[in-house]
Amino acid sequence: NKNVHLIQTAEHVVIFNEQIHDARVVPMDGRPHLPQSVRQWMGDSRGRWEGEPLVVDVTNFSQKTDFRGSRENLHLVERWTRTGPDTIELVDC
């Protein structure tokens, strides 16, 4: 089950993962990431549009976030692309 809903406002995108009922609020206003001392389970997301793709840059993961041993050193860049009028797909991560 990879159902994900994206909701966009003027200043944010919310990425809602249906399976684990988690919502990430992604600021789209160009603000910097939180200080490195602030760590979060799902990281600190910042977004921007690069033409069509939505690019979400995620840093500041908690040491409890373990993806292939990276833990707090994980730096994730997601690229979401619209594939239809009501469909968006994570195409690169």
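Index from 1, following the sequence.
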* Asked: Under the side chain to side chain contact (heavy atoms under 4.5 Å, CB included) test, which residues partner Q63, sequence neighbours left out?
  -> E72
* With L54, which residues qualify under side chain to side chain contact (heavy atoms under 4.5 Å, CB included), at least two apart? -> L6, V13, M28, W49, V56, W80
* To do: List the atom of P53, the atom of T81, and the distance in Å for their closest heavy-atom pair.
  => CB-OG1, 4.1 Å
* To do: Kindly say whether R71 contributes a backbone atom to a donor-acceptor pair with the side chain of T65 at under 3.5 angstrom?
  => no
* Between R24 and E78, does at least one N-O distance fall below 4.0 Å, as a salt bridge requires? -> yes
* Would you say H75 and F61 make side-chain contact, with heavy atoms under 4.5 Å? -> no
* To do: Can you sort out the partners of P35 under side chain to side chain contact (heavy atoms under 4.5 Å, CB included), two or more places apart, ordered by chain and number?
  => S37, V38
* Mind checking whether V77 and V55 have side chains closer than 4.5 Å, heavy atoms only? -> yes
* Would you please say whether a donor-acceptor pair under 3.5 Å links the side chains of Q40 and N60? => no
* **For R48, all residues meeting salt bridge (charged side-chain N to carboxylate O under 4.0 Å, His left out), sequence neighbours excluded** => E50
* Asked: Residues in side chain to side chain contact (heavy atoms under 4.5 Å, CB included) with P27, at least two apart?
  -> H12, D29, R31, R46
* Let me know which of D44, L76, V26, L74 forms a side-chain contact (heavy atoms from CB on, under 4.5 Å) with V58. => L76
* To do: Tell me, please, which residues at least two apart from T59 pass side chain to side chain donor-acceptor pair (under 3.5 Å).
  => H33
* **Side-chain heavy-atom pair D22, M42 within 4.5 angstrom cut-off** => yes
